[in-house]
Every structure is written in C-alpha cells, then in structure tokens.
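On a predicted model such as this, the values are computed, not experimentally measured, just so you know.
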Amino acid sequence: MNATSASDFNFIRELVRRHSAIVLETDKDYLIETRLAPLAKQTGFASLTALIAALRANSAPPQLRKQVVEAITTHETSFFRDTHPFEALKTTVLPELFALRPSANVTLWCAACSSGQEPFSIAMLVHEHFPTLRNRVRIIATDLSGAILARAHAGIYSQIEVNRGLPAVLLTKYFQKQGLQWRIRPEIRQMVEFRQNNLVEPWPSFPPLDLVFMRNVLIYFDLSTKKAILARVRSVLKSTGYLFLGSSETTLNLDNAFEPISIGKSVCYKQRTTISAWKTE
Ligand SMILES: C[S@@+](CC[C@H](N)C(=O)[O-])C[C@H]1O[C@@H](n2cnc3c(N)ncnc32)[C@H](O)[C@@H]1O
C-alpha cells in the first residue's frame with residue numbers, strides 16, 4: 001500500500017476547508033489517515049491513496065467528497081455535556097424567557113447538534129422542569145452531516161452513549177429498551193425538528209431566536225469564519241436572546257457586540273444594549 005504523501009494531505013485539508021470551513025492543522029494528518037482509511041475500504045478503493053487519487057482526478061463519484069468531509073468531522077457529544085449550561089437554562093434562562101413573553105413561543109436553535117444528545121437533553125429538561133410550558137418550546141437542531149442527523153432523527157443510542165451524562169432516572173423515564181439499544185420516547189423525540197445545515201452556507205429561515213446553542217463547533221474554524229458566524233448569529237437572535245458556546249469557546253476578541261454573562265458555573269452571552277456597549281468603550 002502506498003503511503004499518503006504531503007501533497008495528498010494538503011489536497012484533503014483544502015477539500016475539507018472548502019466544504020465545511022474546518023481547518024485541519026498539519027499535526028492532524030493522523031486523523032486523515034485513521035478516518036479516511038475505513039472509508040476507502042468501504043467505498044471499494046484499494047487504499048487511501050487510491051481514493052485520494054480518484055478525487056484528484058475527478059473520477060470519483062460525486063458523493064465521495066461529502067463522505068470524506070463527514071468522515072473527517074468530529075461528532076463527539078454526550079447527554080447534558082458539561083452540565084452547567086443546562087443548570088443555567090433550568091434556573092435562569094428559561095424562566096426569564098418564559099416570563100418575558102407569557103404567551104409566545106420560546107424558540108431554540110441547537111447548531112451543530114451531532115447525533116442529537118444536546119437537543120434531546122434540552123427537550124428532557126423542559127419536559128421535567130417546565131411541564132406545563134413544553135408546548136411553547138420549539139427546538140430546531142441542525143448539523144452539516146446528513147449521516148449524523150439520520151442518527152439523531154432516529155433517537156436510538158447504545159448503552160455506552162446513555163451511560164455518558166444521562167441520569168438513570170431520565171433514562172428509565174424517557175427511553176425504551178430496544179434490543180441492546182435505547183430509543184428515546186416519542187414525547188421527547190417530537191419536541192425536536194432536525195434539519196441539515198452547513199454553518200458556512202446560507203442558513204434556513206429561522207423565526208427570531210430566543211436561544212442559540214452553538215457548542216464545540218467554532219473551535220474547528222479560522223478566525224474570520226468564527227467572526228462571520230457570530231455576526232450571523234446576532235442577526236437571527238432576538239435582542240433578549242442568549243448564546244451558549246462550548247466551554248473552551250468565547251466571543252471575546254471575536255465579536256464585542258456580545259457580552260459574557262455568568263450564571264452559576266456557566267458563561268453565556270447576550271447582545272450588549274446600547275448603554276452597556278457605551279460603558280465598555
Ligand atoms: C464536536 S460536535 C459538537 C456536538 C454538540 N454541539 C456538543 O457540543 O456536544 C461538532 C459538530 O459540528 C458539526 N459541524 C462541523 N462543521 C460544521 C459546519 N460547517 N456546519 C454545521 N455543522 C458542522 C459536525 O458534523 C459535528 O456533528
């Protein structure tokens with residue numbers, strides 16, 4: 001089997017950046033090898049170099065580029081990941097949003113939702129703690145990857161996946177055992193609308209949003225892409241709305257129109273009002 005050359009790695013890096021904005025540093029070459037070698041096998045190529053050669057010669061089936069991007073993407077997620085943002089939703093953010101407009105819907109966008117654990121965690125939280133208000137909550141969940149969205153849509157998880165972050169009481173209440181797996185119950189499944197969306201392409205037309213969860217995806221992008229996405233988030237988020245990012249992500253030095261707000265052990269972001277923007281100048 002031929003070794004993958006530096007020029008092959010560069011070709012894949014550029015393909016992935018063009019289609020998803022994900023920046024793969026050169027120290028991530030091992031990722032290209034380990035994630036694309038199984039795809040080469042599965043799609044009938046003799047080796048990874050043969051797959052890359054077909055892509056470079058434009059002789060590969062059109063869907064192969066998409067499969068390459070999806071295979072490279074990191075889908076790491078878990079139920080109630082990092083705990084604190086969900087605590088902030090429960091104690092402060094949702095009560096405030098419900099009180100602000102007592103009869104209107106509260107609309108949430110879970111961007112880059114991976115296999116669905118994040119939007120389903122929010123749906124379970126609403127069901128548990130705001131049972132009489134759950135019909136007022138609309139959760140839209142999107143991801144770049146059609147394959148991962150199909151998994152999210154099915155709402156079926158392995159024992160390992162439900163062991164990560166999901167309290168036992170919620171497992172028994174909101175999941176049904178199906179063979180060796182667990183299927184989320186319809187009342188939670190139906191609270192989430194899944195749609196495919198690439199954050200660097202045009203977005204679906206959203207109603208004005210009260211809450212955006214965009215966690216652990218900006219880390220993969222370059223500075224100008226992060227800035228452009230945050231500016232677009234502001235254009236879809238209500239002035240009273242909240243943005244949650246991943247625990248290692250921030251708007252600081254990227255978009256100063258967002259102001260960090262600490263709630264318990266969580267930091268989220270709101271758009272500065274004219275007065276607070278003036279105070280920080
Ligand atoms: C690490 S997971 C984060 C999942 C979840 N938000 C969480 O924090 O647990 C990153 C997700 O971002 C998605 N993604 C990567 N690039 C994207 C893009 N350009 N547009 C939309 N989603 C993207 C991937 O498919 C993947 O499911």
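Follow the hydrophobic side-chain contacts under 4.5 Å out from L252 and you never reach L223; the two are in separate clusters. L211 is not connected to L209 by any chain of hydrophobic side-chain contacts under 4.5 Å among Ile, Leu, Val, Met, Phe, Trp and Tyr, and they are in different clusters. Residues L108 and M124 fall within the same hydrophobic cluster, defined by Ile, Leu, Val, Met, Phe, Trp and Tyr side chains chained together at heavy-atom separations under 4.5 Å. Cluster membership check: I261 does not share its hydrophobic cluster with V212, using side-chain heavy-atom separations under 4.5 Å among Ile, Leu, Val, Met, Phe, Trp and Tyr. Hydrophobic clustering (ILVMFWY, side-chain heavy atoms < 4.5 Å, transitive): I139 and Y157 are in one cluster.
Residues F120 and F194 bring their aromatic ring centres within 6.0 Å. Here F213 and F86 bring their ring centres to under 6.0 angstrom of each other. Aromatic rings from F79 and F175 are positioned such that their centres are separated by under 6.0 Å. Taking the six-membered ring wherever Trp is involved, the centroid distance between the rings of Y269 and Y242 does not fall below 6.0 Å.
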Next on the checklist: Assess the residue pair R136 and S103 against the criterion (side chain to side chain donor-acceptor pair (under 3.5 Å)); give the C-alpha distance rounded to whole Å, side-chain angles, the decisive distance to 0.1 Å, and a yes or no.
Outcome noted: CA-CA 8 Å; R136 284 180 51 201; S103 55; over 6 Å; no
Next on the checklist: Under the criterion side-chain contact (heavy atoms from CB on, under 4.5 Å), I'd like the reasoning laid out for K238 against T240: C-alpha separation, chi angles, the key distance, then a yes or no.
Outcome noted: CA-CA 5 Å; K238 287 181 189 167; T240 48; 3.8 Å; yes
Item to check | Residues K227, D255; criterion salt bridge (charged side-chain N to carboxylate O under 4.0 Å, His left out); working and verdict | outcome: CA-CA 6 Å; K227 286 184 177 178; D255 191 329; over 6 Å; no
Next on the checklist: Set out, in order, the CA-CA distance, both residues' side-chain angles and the distance that settles side-chain contact (heavy atoms from CB on, under 4.5 Å) for T26 and F9, then state yes or no.
Outcome noted: CA-CA 8 Å; T26 43; F9 282 126; over 6 Å; no
Checklist entry - What's the verdict on side chain to side chain donor-acceptor pair (under 3.5 Å) for D222 and T225, showing C-alpha distance, side-chain angles and the deciding distance? => result CA-CA 5 Å; D222 65 23; T225 307; 2.6 Å; yes
Checklist entry - Between R215 and E118, is a salt bridge (charged side-chain N to carboxylate O under 4.0 Å, His left out) present by the stated rule, with each step listed? => result CA-CA 9 Å; R215 301 196 312 149; E118 188 174 69; 2.7 Å; yes
Next on the checklist: I'd like to know whether E128 forms a salt bridge (charged side-chain N to carboxylate O under 4.0 Å, His left out) with K173, so could you lay out the CA-CA distance, the side-chain angles of the two residues, the decisive distance to 0.1 Å, and finally the verdict.
Outcome noted: CA-CA 10 Å; E128 274 297 287; K173 190 163 174 188; 2.6 Å; yes
Checklist entry - Should N163 and Q159 be marked as a side chain to side chain donor-acceptor pair (under 3.5 Å) after you check the CA-CA gap, both sets of side-chain angles, and the distance that decides it? => result CA-CA 6 Å; N163 283 350; Q159 187 68 51; 3.2 Å; yes
Next on the checklist: Assess the residue pair I12 and D29 against the criterion (side-chain contact (heavy atoms from CB on, under 4.5 Å)); give the C-alpha distance rounded to whole Å, side-chain angles, the decisive distance to 0.1 Å, and a yes or no.
Outcome noted: CA-CA 10 Å; I12 293 293; D29 283 351; over 6 Å; no
Item to check | Verdict with reasoning, I184 to Q176, per side-chain contact (heavy atoms from CB on, under 4.5 Å) | outcome: CA-CA 6 Å; I184 200 145; Q176 288 163 300; over 6 Å; no
Item to check | Step-by-step salt bridge (charged side-chain N to carboxylate O under 4.0 Å, His left out) determination, K28 to E25 | outcome: CA-CA 5 Å; K28 292 285 178 348; E25 305 294 347; over 6 Å; no
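Counting only heavy atoms from C-beta outward, the side chains of L133 and V126 never approach each other to under 4.5 Å. Taking 4.5 Å as the limit, some side-chain heavy atom of R232 sits within range of a side-chain heavy atom of W203. Looking at L36 and T4, their side chains never come closer than 4.5 Å, going by heavy atoms from C-beta outward. Under the 4.5 Å side-chain criterion, counting only non-hydrogen atoms from C-beta, L166 is in contact with F80. With contacts defined as side-chain heavy-atom distances shorter than 4.5 Å, the pair L55/L64 qualifies. With a 4.5 Å cut-off on side-chain heavy atoms, H129 and L94 do not count as touching. With a 4.5 Å cut-off on side-chain heavy atoms, V200 and S20 do not count as touching. Counting heavy atoms from C-beta outward, N216 and E76 have side chains that stay 4.5 Å or more apart.
For T142 against W109, the heavy-atom pair with the smallest separation is OG1-NE1, 2.9 Å. Summarising the geometry of F244 relative to S266, their closest heavy-atom pair is CE2-OG, 3.7 Å, with the distance given to 0.1 Å. The minimum heavy-atom distance linking D210 with V106 is given by the pair OD2-CA, 3.3 Å. Shown here for R35 and T74, the closest heavy-atom pair between the two residues is NH1-OG1, 3.1 Å. Annotation for V192 and P119: closest pair CG1-CB, 3.8 Å, computed over non-hydrogen atoms. When all heavy atoms of R164 and T77 are compared, the closest pair comes out as NH1-O, 3.4 Å.
For K41, the NZ atom counts as loosely surrounded, since its 6.0 Å shell holds 12 or fewer non-hydrogen atoms of other residues, nucleotides or ligands. For D27, the CG atom counts as densely surrounded, since its 6.0 Å shell holds more than 12 non-hydrogen atoms of other residues, nucleotides or ligands.
Side-chain N or O atoms of S78 include none that pairs as donor or acceptor with a backbone N or O of G165 at under 3.5 Å. One N or O on the side chain of R272 and one on the backbone of N256 form a donor-acceptor pair closer than 3.5 Å. A donor-acceptor pair is defined here as one N or O able to donate and one able to accept, closer than 3.5 Å; such a pair exists between the side chain of T73 and the backbone of V69. Within the 3.5 Å criterion, the main-chain N or O of H19 finds a donor-acceptor partner in the side chain of N198. Proximity of a side-chain donor or acceptor of E161 to a complementary backbone N or O of Q117 within less than 3.5 Å is not detected. A donor-acceptor contact shorter than 3.5 Å links the side chain of S145 to the backbone of I148. The backbone N or O of I156 sits less than 3.5 Å from a side-chain atom of R151, completing a donor-acceptor pair. The backbone N or O of A141 sits nowhere less than 3.5 Å from a side-chain atom of E193 that would complete a donor-acceptor pair. Formation of a donor-acceptor pair under 3.5 Å by the R138 side chain with backbone atoms of P207 is not found in this model. Not one N or O on the side chain of E70 forms a donor-acceptor pair closer than 3.5 Å with the backbone of Q67.
Here CD1 of I122 is found 8.0 Å from CG of L125. Values are rounded to the nearest 0.5 Å. Rounding to the nearest 0.5 Å gives a distance of 8.5 Å between CD1 of I32 and CG of L48. Interatomic distance, T49 OG1 to L51 CG, rounded to the nearest 0.5 Å: 9.0 Å. Note that NE2 of H84 and CD of E87 are 9.0 Å apart. Values are rounded to the nearest 0.5 Å.
Of the residues H127, R189, R185, the one that meets the side chain to side chain donor-acceptor pair (under 3.5 Å) test with Y174 is H127.
Of the charged side-chain nitrogens involved, none lies within less than 4.0 Å of a carboxylate oxygen, so that D143 and R195 do not count as a salt-bridged pair.
Applying the salt bridge (charged side-chain N to carboxylate O under 4.0 Å, His left out) rule to E96 yields the partners K270; only residues at least two apart in sequence or on another chain are considered.
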